[in-house]
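Here's the structure we're looking at; comments come further down.
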Amino acid sequence: MDEGYLRKWFDPQSRTLKDLRALQHEASLMLDLRDGFEELRTVAGIDCSYLDDRIICAIVMLDYRTLEVIGREHVVQKVRLPYIPTYLTFREGCAMSSAFEKLEQKPDVLLMDSCGINHPRRSGMASYFGAVMDHPTIGVSKKILCGEAEVPTEVSEYHELVYEGEQIGWIMKTSKRSNPIIAAPGHKVSMRACLEIVMHCLKGYKLPEPTRLAHLYAAELREELRSGKGHQTTFDEGYQRR
DNA sequence: GCGACAG
DNA sequence: ATCTTGTCGC
């Protein structure tokens with residue numbers, strides 16, 4: 001992807017929330033909720049951790065059928081924006097797109113720790129990122145940002161997440177001991193495929209493997225940086241003009 | 001105005 | 001997200 005293009009979509013530098021809101025609206029108009037993939041041979045999870053003023057973005061690629069790890073990638077950058085509900089994209093998007101660009105082979109579908117179309121402006125990070133990068137994505141989260149649903153209590157039980165009269169995702173009980181999780185289409189993934197893909201990636205834990213492993217990898221990298229033994233970590237300037 | 005609010 | 005020990009339950 002062109003650097004100027006990524007800067008336009010992900011750089012919060014000198015922009016107001018009104019500007020960012022306009023970008024989210026623009027991205028939502030680019031959404032396609034039909035399955036935009038052929039076969040599902042690989043799946044990846046992406047997640048971020050933080051250390052002081054730095055953000056660490058980690059990606060773990062898995063074989064879709066066996067869920068075995070077949071690749072990793074990461075990037076460390078300066079944090080550019082505080083966390084503001086409904087604007088998560090502009091806090092993590094720059095690092096995420098940079099890490100994603102480093103992947104030699106892109107996954108057939110990407111699972112992100114965020115909302116998808118289950119967002120007030122239909123522009124949760126998974127949807128925004130997917131639309132901007134033109135890649136199939138799914139948003140997996142632990143809390144409901146918007147919408148209502150019956151709460152599942154038995155493992156494997158799931159219900160529709162509804163907002164303003166329309167289904168925007170699913171809420172599902174994935175393990176006996178944990179609270180249910182929310183899954184929603186990001187971009188180029190249908191509501192039905194979203195459910196099937198996430199359920200396929202479950203391995204008895206609260207979160208699907210891609211996202212769970214990306215979370216662990218991000219935490220691992222964070223610890224390497226903190227202990228100063230970050231021989232594995234690489235700092236990235238990001239696509240910020242300087 | 002008040003409360004809710006992905007990570 | 002992050003700061004943090006033990007503890008209740010399966």
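A, B, ... follow the sequence lines: proteins, then strands. Residue 1 opens every chain. Since this is a predicted model, take the numbers as computed values, not measurements.
The nearest whole Å value for the distance from the NZ atom in A:K206 to the C1' atom in C:dC10 is 17 Å.
Taking 4.0 angstrom as the limit, A:K142 places a side-chain polar atom (N or O) nearer than this to OP1 or OP2 of C:dA1. Taking only side-chain nitrogens and oxygens, A:R222 comes nearer than 4.0 Å to OP1 or OP2 of C:dT2.
With A:K206 contributing its side chain and A:K176 its backbone, the two residues share no donor-acceptor pair below 3.5 Å. Distance alone, capped at 3.5 Å, places no donor-acceptor pair between the A:R91 side chain and the A:Y87 backbone. Counting only distance, with no hydrogens or angles, the side chain of A:D35 and the backbone of A:S190 share a donor-acceptor pair below 3.5 Å. Between the side chain of A:T137 and the main chain of A:H187, a donor-acceptor pair closer than 3.5 Å is present. A:H135 contributes a side-chain N or O that, together with a main-chain N or O of A:P107, makes up a donor-acceptor pair within less than 3.5 Å.
Criterion: ILVMFWY side-chain heavy atoms under 4.5 Å apart, direct or through other members. Under it, A:Y5 and A:Y239 are part of a common hydrophobic cluster.
Using a 4.0 Å heavy-atom distance criterion, A:Y87 is classed as a base contact. The residue A:S49 sits close only to the backbone: its heavy atoms come under 4.0 Å of sugar-phosphate atoms, none of a base. Contacts of A:Y83 with the nucleic acid, taken as non-hydrogen atoms under 4.0 Å apart, include base atoms.
Residues from residues 108-124 of chain A lying near DNA chain C, meaning a heavy-atom separation below 4.0 Å, are absent.
In DNA chain C, no run of at least 3 Watson-Crick or G-U pairs (N1-N3 plus N6-O4 or O6-N4, or N1-O2 plus O6-N3, all under 3.5 Å) shows up, so the stem list is empty.
When each of A:D32, A:D108, A:D134 is checked for a salt bridge (Lys or Arg N to Asp or Glu O under 4.0 Å) with A:K188, only A:D134 meets the rule.
Under 3.5 Å, the side chains of A:Q24 and A:T89 contain no donor-acceptor pair of N or O atoms.
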